2 protein chains.
Amino acid sequence: MKVSIKLADLTTDGILSAACPSRIVLDHVTSKWGVLVLVALSEQSLRWGELRRMVEGVSEKMLAQTLKVLEQDGFVLRVAQPTIPPRVDYSLTDRGRELTDRLLPLMEWITANAGEILA
Amino acid sequence: MKVSIKLADLTTDGILSAACPSRIVLDHVTSKWGVLVLVALSEQSLRWGELRRMVEGVSEKMLAQTLKVLEQDGFVLRVAQPTIPPRVDYSLTDRGRELTDRLLPLMEWITANAGEILA
DNA sequence: GAAGGTACCCACTTCTAGGTAAGCTGGTGG
DNA sequence: CCACCAGCTTACCTAGAAGTGGGTACCTTC
């Protein structure tokens with residue numbers, strides 16, 4: 001019941017309609033590195049360098065760009081300490097945690113089934 | 001407890017490692033049109049033309065390409081009736097349904113919060 | 001006999017996400 | 001005095017994602 005109502009919303013004026021703002025957020029979240037950064041931060045807050053090492057394969061440019069978008073959308077909090085050398089910590093906001101609560105089950109399932117799927 | 005174990009898997013040898021096959025499946029699922037096609041099919045099975053109209057903005061080429069990938073990954077079932085004019089029905093497989101079970105909560109949340117996020 | 005409906009495929013072009021590599025800051029250790 | 005740390009920024013370039021416009025098959029209806 002509840003599900004069918006939500007589905008109706010999704011498929012009528014929801015994410016399937018081209019003009020819906022959710023398309024933009026969807027692009028941000030499902031961007032190549034967006035998901036991975038969110039997953040990495042879901043475990044604990046991390047510094048720039050830790051993130052870079054953790055999310056294997058990400059370039060500095062793309063990490064910076066991805067973090068900027070996620071920060072603008074209010075998913076990620078950036079805390080810079082004006083020390084030398086600089087130290088910047090990234091963590092999830094409450095909104096970010098709401099997102100990852102829904103993202104992690106998906107990622108876990110994909111990780112668990114990827115082998116079988118590609119076979 | 002359960003969660004922390006799963007998270008450990010994800011962040012050590014899981015999706016964050018560059019060589020993990022889950023990266024490939026992730027790209028398929030989170031491709032621009034992949035998500036939307038899966039959402040559309042989650043409600044009911046649809047014919048080619050219905051899908052095209054439902055997923056606003058998708059071109060024929062991209063719809064065909066997306067469906068081919070989702071079919072190869074075993075998420076979508078393609079049933080062609082050799083009638084004239086041709087009729088092709090697309091539906092979710094069991095595996096596809098497992099996926100959308102985890103995908104829909106995310107999409108619903110994004111759709112519900114997109115306005116606030118972009119503000 | 002002309003037009004249209006359905007589900008595509010292919011060649012060509014465009015665009016943009018993403019990769020690469022360099023530079024910048026300003027103290028601190030050699 | 002030079003290199004080095006961390007955390008970026010910038011300019012440049014390319015591969016592949018995506019759009020465009022055509023064609024195809026076969027039968028039905030006008």
Side-chain angles (χ1 to χ4, degrees), chain A residues 15-19 23-41 44-73 76-91, chain B residues 15-20 23-38 40-41 44-73 76-91:
Chain A
I15 216 156
L16 294 179
S17 69
R23 285 273 183 106
I24 300 173
V25 178
L26 184 64
D27 278 351
H28 294 175
V29 171
T30 64
S31 72
K32 180 165 183 184
W33 302 110
V35 198
L36 300 177
V37 167
L38 288 168
V39 168
L41 288 178
Q44 55 182 313
S45 87
L46 293 167
R47 316 181 41 172
W48 167 269
E50 292 172 329
L51 260 176
R52 183 151 164 46
R53 262 168 276 128
M54 203 146 197
V55 181
E56 276 184 34
V58 71
S59 67
E60 299 196 334
K61 178 190 160 187
M62 287 320 294
L63 181 55
Q65 198 177 107
T66 303
L67 283 169
K68 210 172 283 178
V69 170
L70 293 179
E71 198 196 345
Q72 273 175 7
D73 287 352
V76 165
L77 183 67
R78 179 179 181 277
V79 179
Q81 268 129 17
T83 58
I84 302 260
R87 176 195 175 94
V88 183
D89 289 288
Y90 292 93
S91 57
Chain B
I15 215 157
L16 295 180
S17 70
C20 186
R23 285 273 184 107
I24 300 173
V25 178
L26 184 64
D27 278 352
H28 293 175
V29 171
T30 64
S31 71
K32 179 164 184 186
W33 302 110
V35 198
L36 301 178
V37 166
L38 287 169
L41 288 177
Q44 55 183 312
S45 85
L46 294 167
R47 315 181 43 171
W48 166 269
E50 291 172 331
L51 260 176
R52 180 148 166 50
R53 262 169 275 128
M54 203 146 198
V55 181
E56 276 184 33
V58 71
S59 67
E60 297 198 335
K61 179 190 160 189
M62 289 318 296
L63 181 56
Q65 200 177 104
T66 303
L67 282 169
K68 210 173 283 176
V69 171
L70 292 178
E71 197 194 347
Q72 272 174 8
D73 286 352
V76 165
L77 182 68
R78 178 180 182 278
V79 179
Q81 267 129 20
T83 57
I84 302 260
R87 177 196 176 94
V88 182
D89 288 289
Y90 293 93
S91 57

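Quick caveat, the model's predicted, so the values are computed rather than measured. Lettering follows sequence order; numbering is per chain, from 1.
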Contact check, side chains of B:R78 and B:L67, non-hydrogen atoms, under 4.5 Å: no
What are the two closest non-hydrogen atoms of B:R23 and A:V55, and how far apart are they? NH2-C, 4.5 Å
To the closest 0.5 Å, what do you measure between CD (A:Q44) and OG (A:S91)? 11.5 Å
Figure out the CZ/C1' separation between A:R78 and D:dG7, and round it to whole Å. 8 Å
Between which nucleotides of DNA chain C, read 5' to 3', does contact with chain B run, using atoms under 4.0 Å from its heavy atoms? C:dG5 to C:dC9
Hey, does B:V35 have a side-chain heavy atom less than 4.5 Å from the side chain of A:I15? no
Counting C-beta onward and ignoring hydrogens, is there a side-chain heavy-atom pair between B:L36 and A:L26 closer than 4.5 Å? yes
Specify the separation, in whole Å, of atom CD1 of B:I84 and atom P of D:dC27. 5 Å
Under 4.0 Å protein heavy-atom contact, by nucleotide of nucleotides 14-25 of chain D - B base, S sugar-phosphate only: ----BBB-----
Closest non-hydrogen atom pair between A:T83 and A:R87, with its separation: OG1-N, 3.8 Å
5'-most contact on DNA chain C (nearest-nucleotide basis), B:A64 vs B:R53, goes to B:R53
In the structure I gave you, are the side-chain heavy atoms of B:T66 and B:K32 within less than 4.5 Å of one another anywhere? no
Please tell me if A:R47 has a side-chain N or O lying less than 4.0 Å from either OP1 or OP2 of D:dA6. no
Spacing of B:E50 atom CD and B:L41 atom CG [to the nearest 0.5 Å]: 10.0 Å
Sugar-phosphate, base or nothing in reach of B:R52, heavy atoms under 4.0 Å: nothing
